[in-house]
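Following: one structure in structure tokens, then a few remarks.
Both counts, for ligands and for their atoms, begin at 1 and track the order of listing. Worth knowing before you read on, the calculation uses all heavy atoms, side chains too, and leaves out hydrogens, waters and symmetry mates.
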Amino acid sequence: MFKELNRIVEVDEKRAKIARAPGRANIIGEHTDYNEGYVLPCTVDRDIVIVAQPCNYEVILHSINLNTTIKFPLRNIRFDPQDRWGTYPKGVAHYLLQAGYEIDGLIGVIHGTIPARAGLGSSAALEIATALIFQLLYDIEISPVEMALLCFKAENEFGGVSCGIMDQFASALGRRDSLLFLDCRTLSHEAVEIPSSKLRVVLLNTMVERSAEAVLNKRKLECQKAVQIIKKFRPETKSLRDLSTDDFEQLKNKLPATLGKRCQHVVYENERVIEMVKALKRDRFDTIGELMHTSHASCRDLYEVSCRELDTMVEIAETIDGVVGCRMTGAGLGGCAVCLVWDRAVEELAKRVSESYKEKTGINPEIYVSKIPPGAGEFVDWNENSGEIF
Ligand code: GLA
């Protein structure tokens, strides 16, 4: 990457920094974050890396993957749909300045290994990597929680995507070998260790690209409508998070059918996250599998964010001995399924998925066996090459 940076500017080794932010897979708690509920994601070992050095007044970032460059002055930052991926760094710079952080410009290159539009949080990773590179270059004091919230604003308010806070939190606060149990209302969070060193996270990419934006914006509106109706009967309700499963059962007849289904998913999914944390802590692998299975069915039938390819992927994976659980992950309608798999079954899973998925859908899937790395951080060792990136 330094070679690439050298092409656009003379590298100043003393002042250049490297920021790295990982993507994420959500193990359970889908579409609950923007309803102020619970989520349980983990980082994946695919990331966005930015190498940059300070410059005056403007931001110049070159994407090695896309071979395009964005350039904008720090004064008067405005949203422009033409910016595409550049919207995210722009939004981050905008909110850093708005929050009063003393930053100046930067010039750098970006490289990513997170497949785009695969539901693995690539936009959040880009935002976090951007915030982090500013932090490193200008020595600003910003906690990982503040950073995640600011990056969330960059995507939500600046970019106009009705996402929740999960992806940014996972990328910024993830811990090695742990899942991040996050309460999206109070922001309290806990690292829940993966119960066995022999359990792997495997991502099965359907290779069906999807626009998270459309799904999220539509579903968020539906959830808000449901809350408005529920408020008539329970004025204290602020979001779907406020409903227990008993509340839902009592109120469900008041809701139109579609909103009732959306609501049912969110209320029971929140409960499943809490059950999952207990099951992980007690090594209840059957329960872990059942919860992932039910969560997928709920995303498919009630929240209606799965698709034929995701369902096929999950069905294939679930027949394999050694797969603890499998479900769609992220916004849905394509992208990846996530599996928790015993080490010994990873090869068989990869083989069977490659064959059967191709046979059933005509599409060649991609399979990533992932470690759970730490959340975003600086690359301190300039020679810490990950081959693929440098
Ligand atoms: C996307 C959003 C997240 C979350 C998931 C669905 O990844 O960015 O905030 O809403 O969809 O769980």
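- Between His31 and His265, the ring-plane angle classifies as perpendicular under the 30° and 60° cut-offs.
- Arg24 NH2, 2.8 Å is the protein heavy atom nearest to atom 7 (O) of ligand 1.
- Between Phe158 and Tyr95, the ring planes are perpendicular. Angles over 60° get that label, and only those under 30° would be called parallel.
- In the vicinity of His31, heavy-atom distances shorter than 4.0 Å reach the ligand 1 atoms 6 (C), 12 (O).
- Close contacts between ligand 1 and Tyr34 involve ligand atoms 10 (O) [criterion: under 4.0 Å to a heavy atom].
- For an aromatic pair to be called close, the ring centres must be under 6.0 Å apart, and His189 with Phe181 fails this.
- A salt bridge links Lys252 with Glu249: the closest approach of a Lys/Arg side-chain nitrogen to an acidic carboxylate oxygen falls below 4.0 angstrom.
- Of the charged side-chain nitrogens involved, at least one lies within less than 4.0 Å of a carboxylate oxygen, so that Glu190 and Lys281 count as a salt-bridged pair.
- When only interatomic distances are considered, the shortest N/O to N/O separation between Gly164 and ligand 1 falls below 3.5 Å.
- By heavy-atom distance, the residue among Met166, Glu213, Glu155 lying nearest atom 5 (C) of ligand 1 is Met166.
- Around the NZ atom of Lys231, the shell of radius 6.0 Å holds more than 12 heavy atoms that belong to other residues, nucleotides or ligands.
- The part of Leu216 lying near ligand 1 is the side chain, judged by heavy-atom distances below 4.0 Å.
- Heavy atoms of other residues, nucleotides or ligands lying less than 6.0 angstrom from CG of Asp321 number 12 at most.
- Here is the list of ligand 1 atoms found below 4.0 Å of a heavy atom in Ala331: 11 (O).
- Among protein heavy atoms, atom 8 (O) of ligand 1 sits closest to Asp167 OD2, 2.8 Å.
- Of the listed residues (Val305, Asn26, Leu120, Asp33), the one carrying the non-hydrogen atom nearest atom 4 (C) of ligand 1 is Asp33.
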